[in-house]
Protein chains: 2
Amino acid sequence: MSEAGRRTEIMEAVERLLARGGVNAVTMRAVATEADVSLRLVQYYGSTKDELLGATLDRLADKSIRRWQARADRQGPALGVIGAFLDEALPTDRASRDLHRVGVSLEGLAITHPDVAGRAYRTHLRGLADHLADVLDAQGVPAARRLACEVMAIAHGVGTLLMADQLTEPEARSLLADYLDRLRPRLSTEDRAD
Amino acid sequence: MSEAGRRTEIMEAVERLLARGGVNAVTMRAVATEADVSLRLVQYYGSTKDELLGATLDRLADKSIRRWQARADRQGPALGVIGAFLDEALPTDRASRDLHRVGVSLEGLAITHPDVAGRAYRTHLRGLADHLADVLDAQGVPAARRLACEVMAIAHGVGTLLMADQLTEPEARSLLADYLDRLRPRLSTEDRAD
DNA sequence: CCTCCTTTGATACAGCTGTATCAAAATTTG
DNA sequence: CAAATTTTGATACAGCTGTATCAAAGGAGG
């Protein structure tokens, strides 16, 4: 198999481990087992653990932003864009729950390794915020970046409460629907120039 | 020194380590050094690491809820209560930043150890949500618990963005002020019965 | 004084960690 | 086929981890 392919496989194994058991579950030997590959090969690509972890996190940030871009580029009304973002961010199915867990791991990692993981985390968040702000701004929404951050904040927070069993999925959805209702009057350009 | 005093000192050392370097920084030997005590004594109280960690997390949840209760029991108008909550939760000074880091550690720990840390985390969140919901409900706010969760969500999310340098402190404050502005019409009982 | 509680010291052990190093297969590629 | 690349195997090592076990010192209260 080609070099790039193997590297990808290995980084996918790292992602899976992150999603399942957090940062502590990512050991070189565990990665080898998860990728169904010898420990020696994990060393062969991505020589050090930090390099491997860093590359995985960068890849993750890229993927996350790219995925959201693909979905949001069919621009609807601003409210629809925000609704789609919230819907996408909500950890309801297996995949999005895994993604949320990876995000939490990354957030925690940013504390321990501000240089490696912190940079990836900031890149991730900044990319999402920039893109969301751009889309909103293009629709004439006032104070677009501030709103983008607010939407990201509530998405993250509600996701956390959902993962911690403080909200059921229907409760989370109706909470966000309420939130969107209150947001509606602020989304038109002529309503208020900030 | 009395038994309870030492135990408290040790758990405070655990908290400090959590705030500084996340979960991985909490080793028995590091706790001993941080508490300026011998390793043997850390074993003497809180025999197992899991027990020590669990007790610390429980204590933390208690403290956090109690602190917020003390502040919110001087009941003002609903908007003021929510504003106070947001203000308190915002990681601006050293202490609240440390607290936020501990919270992130706890959140991540809830993934790795759903039994020990997960329980403490849920207790923490539930306690905060219950109390906030009670206060709001007593003021006649409709759908109080849902709103309580929403406020907690945005507080957590904005805190995360602030810690990750995606928002400056003034930006975060004006974001929350905007949010509160939109919330105001919904806080009176006669405005809308949900 | 003597007994109980607290505290320390030194040290051990097995387990997991990242990393390194030998040679040797297996596979792909020219 | 031959050469280069990819992959494995078997270990090794030093470091940190939680936990355990020895004896002994220090202090408080009866």
Side-chain angles (χ1 to χ4, degrees), chain A residues 1-58 105-106 108-109 111-118 120, chain B residues 1-18 20-58 105-106 108-109 111-117 120:
Chain A
M1 175 169 276
S2 66
E3 183 182 337
R6 263 292 183 244
R7 240 187 105 84
T8 300
E9 275 190 2
I10 291 178
M11 291 196 287
E12 281 168 355
V14 173
E15 283 181 38
R16 258 173 280 143
L17 289 174
L18 271 180
R20 206 179 307 147
V23 203
N24 294 324
V26 182
T27 70
M28 294 298 249
R29 286 166 176 86
V31 171
T33 302
E34 178 68 28
D36 199 38
V37 118
S38 70
L39 165 64
R40 189 59 189 77
L41 200 66
V42 180
Q43 297 182 276
Y44 186 69
Y45 305 102
S47 48
T48 54
K49 183 187 180 180
D50 279 351
E51 190 193 339
L52 176 58
L53 211 46
T56 304
L57 298 182
D58 287 343
S105 295
L106 185 46
L109 213 55
I111 297 175
T112 317
H113 302 275
D115 40 322
V116 185
Chain B
M1 176 169 274
S2 65
E3 183 182 340
R6 265 290 185 245
R7 240 187 106 85
T8 299
E9 275 191 2
I10 292 178
M11 291 196 286
E12 280 168 356
V14 174
E15 283 181 38
R16 258 173 281 143
L17 289 174
L18 270 179
R20 205 179 309 146
V23 203
N24 294 325
V26 183
T27 70
M28 294 298 245
R29 287 167 176 86
V31 171
T33 302
E34 178 68 28
D36 198 39
V37 117
S38 70
L39 165 63
R40 187 61 189 78
L41 200 66
V42 181
Q43 298 182 274
Y44 186 70
Y45 305 101
S47 50
T48 315
K49 181 187 181 182
D50 280 351
E51 189 193 341
L52 176 58
L53 211 47
T56 304
L57 297 182
D58 287 343
S105 296
L106 185 46
L109 212 55
I111 297 175
T112 318
H113 302 274
D115 40 321
V116 184

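Any value given below was found using the heavy atoms of this structure, including those in side chains, with hydrogens, waters and symmetry copies removed. The sequence lines fix the lettering, A, B, ..., with proteins before strands; numbering per chain opens at 1.
Summarising the geometry, the separation between CE on M28(B) and C1' on dC13(C) is reported as 16 Å, rounded to the nearest angstrom. When rounded to the nearest whole Å, the span between CG of N24(A) and C1' of dG15(C) equals 16 Å. Rounded to whole Å, atom P of dT11(C) lies 16 Å from atom CD of Q43(B). Summarising the geometry, the separation between CG on L41(B) and C1' on dG9(C) is reported as 12 Å, rounded to the nearest angstrom. Between D50(A) atom CG and dT19(C) atom C1' the separation is 12 Å, expressed in whole Å. Straight-line distance from the OH atom of Y44(A) to the C1' atom of dT19(C): 17 Å, rounded to whole Å. H113(A) has its NE2 atom 11 Å from the P atom of dG18(C), to the nearest Å. Rounded to a whole Å, the CG atom of L39(A) is 12 Å from the P atom of dA10(D).
A residue-by-residue look at V37(A) and R29(A) shows that V37(A) has its nearest nucleotide of DNA chain D further toward the 5' end. If you find the closest nucleotide of DNA chain C to T48(A) and to D36(B), the one lying nearer the 5' end belongs to D36(B).
Counting only distance, with no hydrogens or angles, the side chain of T27(B) and the backbone of A30(B) share a donor-acceptor pair below 3.5 Å.
One finds a side-chain N or O of Y45(B) lying less than 4.0 angstrom from the OP1 or OP2 phosphate oxygen of dT7(C). Regarding contacts with the backbone of dT7(D), every side-chain N or O of S38(A) stays at 4.0 angstrom or more from both OP1 and OP2. For the OP1/OP2 pair of dT7(D) and a distance below 4.0 Å, the side-chain nitrogens and oxygens of R6(A) include at least one atom meeting the criterion.
Put simply, the residue from R7(B), E12(B), E15(B) that forms a side chain to side chain contact (heavy atoms under 4.5 Å, CB included) with T56(B) is E15(B).
One can find a donor-acceptor pair under 3.5 Å joining the base of dT21(D) and the side-chain atoms of R40(B).
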Checklist entry - Yes or no on side-chain contact (heavy atoms from CB on, under 4.5 Å) for V23(A) and T112(A), after CA distance, side-chain angles and deciding distance? => result CA-CA 11 Å; V23(A) 203; T112(A) 317; over 6 Å; no

Next on the checklist: Is there a side-chain contact (heavy atoms from CB on, under 4.5 Å) between L52(B) and V14(B)? Walk through the geometry before answering.
Outcome noted: CA-CA 9 Å; L52(B) 176 58; V14(B) 174; 4.0 Å; yes

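Residue V26(A) is in sugar-phosphate contact alone, with no base atom involved, counting any heavy-atom pair closer than 4.0 Å across all strands shown.
Counting non-hydrogen atoms of neighbouring residues, nucleotides and ligands closer than 6.0 angstrom, the CG atom of D115(B) exceeds 12 such neighbours.
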